[in-house]
Structures are given as structure tokens and as C-alpha cells.
Amino acid sequence: MILSVDPEAPIPPYEQIRSQIASMVATGTLPAETRLPPIRQLADDLGLAGGTVARAYRELEDTGVIATRGRHGSFVVGSPRRQPTKETRGLLDQAAHAFAVGARQLGYDTREALEAVERALGDVPPARNTA
């Protein structure tokens, strides 16, 4: 699994990790039952604090993307639920807000930001329905 974190990015490191893993799961790059690196190992590999990686894993677990099995580690469960709910709509709104803030901080206008979203969505195949 190849992850990278840009310390200069306006997006917090835990969110960079979370979104990269979630994208890899959604696209099938990380299939179900794939074991993720232990928190300490990934933190060391990325030069981050263990708490940063732990937060990313916790958020992935909260959305059903991964499951932690005690001392056996964390494993990919699959893509999160695909039926829109109040909770998933809230998560989508949070992600959109974080993107909008980042786009503004980088100096992009609405049209340019929306074009970036369209390019990104074009690069990611639709999520498989695992429910």
C-alpha cells in the first residue's frame, strides 16, 4: 500500500490518509480482507505521530470501510454503505466543506474548484454496492 502525506497541504495529515485509503477501497485497489499496516508502522513510514494514523483508522472504522480485530490488526471491510442516509449525507457535506476551504485557501474560484471535482470523480470508478 502506497500512501503519501503532504505536510504543506491545507488538508490535515489524518484526512489525507483517510481519503487515500477510502479511495483505494472504493476503486478496488484494496479489496475486502486486505490487512492494513499496523498504526505504528504506518506512522513511522510516513514520519507522523501514531495518533494521526490512529485517527484516520478510527474514522475509516466509523464509516465501515475497515474493521479492527484486536491484536490481529485492521482489515478492509469494503466500500461504505451506498444507500444515502442522514449520516452519509453529513459526511459528504463535511468532505465538500473541507474541499471548498482548501480550494479557497489555494486561491481557486468556484468554476475551477468544480472542474477539479469533476476531474477527480472522473478518475474514480463508481463505488461497488457492498450492501
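- Contact between Ala9 and Gln16 at its shortest, heavy atoms only, is CB-NE2, 3.7 Å.
- Surrounding CZ of Arg69 are more than 12 heavy atoms belonging to other residues, nucleotides or ligands, all under 6.0 Å away.
- At least one side-chain heavy atom of Leu30 sits under 4.5 Å from a side-chain heavy atom of Leu36.
- Counted within 6.0 Å of CZ on Arg35, heavy atoms from surrounding residues, nucleotides or ligands total more than 12; the atom is thus considered enclosed.
- Ile11 and Leu60 are assigned to two separate hydrophobic clusters, defined by single-linkage of ILVMFWY side chains at heavy-atom distances under 4.5 Å.
- In terms of hydrophobic clustering, with Ile, Leu, Val, Met, Phe, Trp and Tyr side chains grouped at heavy-atom distances under 4.5 Å, Val53 and Leu3 are assigned to a common cluster.
- The two residues Pro13 and Val5 come nearest to each other via the heavy atoms CB-CG1, 3.7 Å.
- Of the inter-residue distances, the one linking Glu59 atom CD with Ile21 atom CD1 reads 11.5 Å to the nearest 0.5 angstrom.
- With contacts defined as side-chain heavy-atom distances shorter than 4.5 Å, the pair Val101/Gln105 qualifies.
- A pairwise comparison of heavy atoms in Pro10 and Gly102 identifies CG-CA, 4.2 Å as the closest pair.
- The closest donor-acceptor contact from the side chain of Ser19 to the backbone of Glu15 lies under 3.5 Å.
- Contact check for Arg104 versus Thr110: side-chain heavy atoms found under the 4.5 Å cut-off.
- Residues Ser74 and Thr68 come closest through the heavy atom pair OG-OG1, 3.0 Å.
- Atom CG of Asp62 and atom CZ of Arg55 lie 10.5 Å apart (nearest 0.5 Å).
- Contact record, Tyr57 with Ile39: CD2-CG1, 3.7 Å, taken as the closest heavy-atom pair.
- Shortest non-hydrogen contact noted between Gly64 and Val77 is O-CB, 3.6 Å.
- Arg18 has its side chain out of reach of Thr63: every pair of non-hydrogen atoms, C-beta onward, lies at least 4.5 Å apart.
- Under a hydrophobic-cluster definition in which Ile, Leu, Val, Met, Phe, Trp and Tyr are linked whenever side-chain heavy atoms come within less than 4.5 Å, directly or via other members, Met24 and Val76 are assigned to the same cluster.
- No continuous path of ILVMFWY side-chain contacts below 4.5 Å connects Phe99 to Tyr14, so the two sit in separate hydrophobic clusters.
- Heavy-atom neighbours of Tyr108 OH from other residues, nucleotides or ligands within 6.0 Å: at or below the threshold of 12.
- Side-chain contact check for Ile17 versus Leu48: some heavy-atom pair is nearer than 4.5 Å.
- His97 NE2 to Leu92 CG: the interatomic distance, rounded to the nearest 0.5 Å, is 13.5 Å.
- One N or O on the side chain of Thr34 and one on the backbone of Pro31 form a donor-acceptor pair closer than 3.5 Å.
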